[in-house]
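Being a predicted model, the structure only gives us computed values, none of them experimental. Labels below follow one simple rule: chain letters A, B, ... track the order of the sequence lines, proteins then strands, and each chain is numbered from 1.
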Amino acid sequence: MDIRMSTKVQVSRMVKYELKKVFLRTGNRVALLVLLLVTGITCFFAANISYVNENGESTSGPAAIASLKKAQKEWSGLLDEETLRQVIAENRRIRTSPEAMSDNVRESNIAYSWGQGIGEIRSLLNCSFCAFREYDYYRADSLTEAEASSFYANRISSLKDWLSEEAKDQFSEKEKEYLISQYESLETPFFCDYMAGWRQLFEYAPTVVMITMLVLGYLVAGIFSSEFSWKSDAVFFTSFYGRDRAVFAKVKTGFLLVTAVYFAAFLLYTGIVLTYLGTDGYNCAIQNSWGSWKSFYNITNWQEFLLIALSGYIGCLFISSLSMLVSAKTKSAVIAVMVPVVLIFIPSFIGNINSPLVNKILGLLPDQLLQMSSALNYFNLYTLGGKVLGAVPILLVLYSLLTGILLPVLYREYGRKEVG
Amino acid sequence: MELTVKNLTKEFKDLTAVRGISLTMTTGVYGLLGVNGAGKTTLMRMLCTLLRPTHGSITWDEQDIFSMDRDYRRLLGYLPQDFGYYPDFTVYDYLMYVASIKGLRPVTAKHRTKALLEQVGMAENARKKMKKLSGGMKRRVGIAQAMLGNPKILILDEPTAGLDPSERIRFRNLISTLSEERLVLLSTHIVSDIAYIANEILLMKNGSIEAQGTSQELLSHMPEQVWTLTVPRDQVNTYMHHYKISNIKTVPGGTELRILSGTRPSKDAILENATLEDLFLAYFGESPYGHTNVDESAGEQDG
């Protein structure tokens with residue numbers, strides 16, 4: 001009678017025990033608690049937006065969000081020339097009011113409260129009417145209604161000016177053409193709406209994704225090396241499945257851990273922030289927010305959300321796979337834990353070097369996947385086979401492929417390990 | 001059922017741990033006896049496919065064990081010298097996990113685990129965490145895991161190291177009961193472990209098998225004879241410098257020495273039957289008293 005069982009059931013049983021090994025370790029439990037705590041704190045900061053009421057008092061909480069939403073909803077709709085004229089006029093009315101001119105803080109706060117409905121559009125006006133690399137908070141105050149017609153054209157012309165002067169050596173002609181065509185193909189006029197939920201979600205998403213990655217690095221680092229540190233390697237490798245399916249179960253455990261922990265943290269964060277702040281504006285272009293005004297990726301908030309979720313996942317998978325490979329190769333969890341730390345923090349130090357080549361390299365490092373909301377605003381372009389591409393699609397494909405290569409290498413490396 | 005080793009050598013960077021060993025093993029208990037650093041563990045690790053030999057081959061029924069891959073590991077049960085475990089697992093979980101990587105069906109795994117826990121006397125501690133077990137208990141769990149797949153080849157590396165005398169006796173008896181119809185290779189540097197249970201003894205020194213045979217065969221071919229001699233206490237040091245001394249006993253009127261020597265060390269010396277401990281001393285040149293350098297002629301002068 002064959003006492004051995006089917007592959008799928010067998011691997012599932014091994015995975016169950018591998019997960020048990022991970023979750024029974026006190027350090028790993030603490031790491032998960034830290035992740036939960038940091039995610040909670042990040043949610044608090046992301047959801048903490050204030051509203052100044054008609055008495056000039058700053059308020060926060062659900063009532064404040066409802067008030068802000070109501071104020072901004074009054075201006076929702078197509079951001080066409082007529083709306084822009086009205087916004088410019090309304091802004092001037094507020095700025096020239098006695099309350100706004102007053103030295104009294106409370107009075108000026110009251111004036112500020114009147115402008116919260118047009119706050120986001122006012123910021124876009126500042127972006128549009130400043131030079132490409134500048135931002136003047138008061139620029140909107142000096143605009144006239146007649147200038148509203150150049151609102152969208154300014155975005156393209158300021159890019160062209162920047163490309164022909166300050167950044168003339170930074171890009172090839174083909175890349176410049178690509179950037180301009182991306183700007184020109186952006187659908188205008190924008191549809192404008194309350195979208196504080198998305199704006200806040202995107203701003204704090206890198207924090208959650210990076211902390212999740214660091215915790216994942218800690219969790220997966222021990223999957224392979226712990227057999228050596230516990231000296232259970234000899235029994236493991238002399239077992240029937242010790243050099244194939246048991247190794248596969250370890251790889252699968254790493255994959256499942258990354259998938260489960262990443263999506264649990266990310267969806268928890270997303271769920272809390274969007275439930276609290278709302279999903280309004282999901283179909284608005286990301287350029288509707290002053291932070292993404294210059295982005296050459298013509299996508300909506302909903303698409304950016306999917307992109308952040310996917311790229312964060314690919315980034316976590318890649319870095320975790322690399323961490324597991326280092327763990328298997330060096331038999332050391334300590335060295336493996338350093339992999340995500342190095343990959344996340346070192347690029348920010350190198351980033352101080354102002355060199356186009358360094359920037360091109362940095363733009364393709366895996367940390368970019370963990371901070372997609374920022375990567376979408378960088379002008380990292382690459383010419384591959386005569387075709388110009390932004391860093392984002394390259395990052396997604398490159399690291400998916402590298403992860404696909406790393407996992408079999410990891411399996412092979414560990415399966416052939418000698419125990420001396 | 002034949003495990004054959006041919007001209008097996010394992011070299012590390014600046015050390016040859018195993019030198020050109022050739023031997024054949026079938027069913028029964030083989031005792032691998034040698035001092036620490038003799039190469040026993042390296043040899044066993046190669047037999048377990050944990051290390052690849054630098055030269056030579058290991059075959060099971062004429063098939064290379066490394067090519068057999070999992071088909072060979074299916075036959076194998078191994079208890080390493082440093083038996084590692086998952087500290088937070090219970091004994092039962094640990095054995096069930098090992099059963100899963102050994103490819104046992106859940107029902108079979110449960111049955112085998114329960115039976116082996118009974119057999120090694122650990123049934124009452126099945127729910128205890130591994131990290132809470134005593135050294136002896138861990139060794140018993142270790143032998144249970146090695147037996148889970150009902151192996152044809154059972155390799156036990158220093159299984160009694162660190163155990164107290166009663167645990168060692170218990171362990172020896174356990175190994176004896178497990179040795180039916182399988183090949184058991186047991187390494188140790190504790191002579192009494194081998195004396196009781198091994199059918200055949202392999203004496204390993206400096207990476208080579210120095211001698212091989214049953215205890216009777218090895219004792220009959222011992223290169224030196226064993227003598228007892230009672231000497232005044234002030235002469236003990238002199239004898240210790242010139243002979244291998246396997247035992248020193250204080251008796252009325254002096255000290256009785258058990259001496260290994262090719263020639264009679266003194267006219268009063270009495271020829272004795274050799275034991276495995278004497279054999280160990282004869283081959284490995286190490287006595288419990290630390291003397292290793294033998295000068296045969298000195299005995300004649302003292303006598």
Side-chain angles (χ1 to χ4, degrees), chain A residues 1-30 222-250 252-253 331 412 414-420, chain B residues 10 12-13 17 41-42 44-52 66 69-90 93-94 96-109 111-112 129-131 141-142 145-146 148-151 153 155 157:
Chain A
M1 186 182 75
D2 183 20
I3 56 168
R4 265 96 192 167
M5 46 195 298
S6 77
T7 310
K8 209 170 177 183
V9 179
Q10 189 66 62
V11 170
S12 300
R13 282 177 58 74
M14 287 186 262
V15 166
K16 187 188 95 178
Y17 285 109
E18 288 295 342
L19 287 170
K20 210 165 183 174
K21 283 184 207 171
V22 173
F23 289 115
L24 282 177
R25 291 185 91 164
T26 312
N28 289 346
R29 289 183 186 185
V30 171
I223 293 176
F224 289 88
S225 60
S226 63
E227 298 295 341
F228 300 102
S229 58
W230 283 327
K231 294 182 176 172
S232 49
D233 49 349
V235 171
F236 182 86
F237 288 115
T238 52
S239 67
F240 183 63
Y241 288 136
R243 295 208 180 262
D244 41 56
R245 286 182 199 169
V247 180
F248 178 73
K250 280 186 179 290
K252 191 173 175 184
T253 302
K331 303 180 182 179
R412 203 177 153 87
Y414 201 68
R416 291 180 164 194
K417 213 80 195 159
E418 284 202 329
V419 181
Chain B
K10 181 66 187 179
F12 294 103
K13 272 180 190 167
T41 297
T42 304
M44 290 187 137
R45 294 203 161 189
M46 285 192 281
L47 293 174
C48 289
T49 68
L50 290 171
L51 283 175
R52 282 189 173 267
F66 293 95
D69 200 25
R70 62 154 77 144
D71 288 337
Y72 176 72
R73 294 197 301 273
R74 184 201 292 267
L75 308 168
L76 191 64
Y78 177 48
L79 174 62
Q81 186 177 356
D82 290 324
F83 168 59
Y85 51 87
Y86 311 107
D88 294 307
F89 272 27
T90 62
D93 274 347
Y94 172 73
M96 286 299 284
Y97 170 65
V98 176
S100 76
I101 60 174
K102 282 181 186 268
L104 302 188
R105 288 176 186 278
V107 177
T108 315
H111 176 74
R112 291 280 301 156
K129 285 202 170 184
M130 291 290 290
K131 63 183 174 188
V141 177
Q145 67 76 24
L148 268 171
N150 198 16
I153 305 164
I155 296 180
D157 194 358

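Considering only heavy-atom pairs separated by less than 4.5 Å from chain B, the leading option among A/Thr26, A/Asp244, A/Val11, A/Asp233 is A/Asp244. Chosen from B/Val98, B/Asp93, B/Leu75, B/Leu76, the residue pairing most often with chain A at heavy-atom distances under 4.5 Å is B/Asp93. In terms of non-hydrogen atom pairs under 4.5 Å with chain A, the most contact-rich of B/Leu148, B/Leu50, B/Asp71 is B/Leu50.
When heavy atoms are compared at a cutoff of 4.5 Å, B/Tyr85 approaches chain A solely by way of its backbone atoms N, CA, C and O. Within the 4.5 angstrom heavy-atom criterion, no atom of B/Phe66 approaches chain A. Residue B/Met46: no heavy atom, backbone or side chain, is found under 4.5 Å from chain A. B/Phe83 touches chain A through backbone and side chain together, each having a heavy atom under 4.5 Å away.
Between A/Tyr17 and B/Phe89, the two ring planes are tilted [angle within 30° to 60°].
Considering only residues two or more places apart in sequence or on other chains, A/Lys417 meets the side chain to side chain donor-acceptor pair (under 3.5 Å) condition with A/Glu413. Qualifying side-chain contact (heavy atoms from CB on, under 4.5 Å) partners for A/Ala246, counting only residues two or more places apart in sequence or in other chains: A/Met14, A/Phe236, A/Tyr241, B/Ile101.
Residue A/Thr238 holds its OG1 atom at 9.0 Å from CD1 of B/Ile155, rounded to the nearest 0.5 Å. Put simply, OH on B/Tyr86 and CD on A/Glu18 are 6.5 Å apart, with the number rounded to the nearest 0.5 Å. A distance of 8.0 Å separates CG in B/Leu104 from CD in A/Gln10, rounded to the nearest 0.5 Å.
Heavy atoms only, all atoms of each residue included: B/Leu51 and A/Val419 are closest at CG-O, 3.4 Å. Closest of all the heavy-atom pairs between A/Arg245 and B/Arg70 is NE-NH2, 3.6 Å. Here the shortest heavy-atom pairing between A/Val235 and B/Tyr94 reads CG1-OH, 4.0 Å.
Seen from the ring of A/Phe240, B/Arg73 does not count as a face-on cation partner, given the 6.0 Å and 45° thresholds.
One finds no salt bridge joining A/Arg29 and B/Asp88 here, because no Lys/Arg side-chain nitrogen approaches an Asp/Glu carboxylate oxygen to under 4.0 Å.
The shortest distance between side-chain heavy atoms of A/Arg13 and B/Met96 falls below 4.5 Å. A heavy-atom distance below 4.5 Å is not found between the side chains of B/Tyr97 and A/Lys16.
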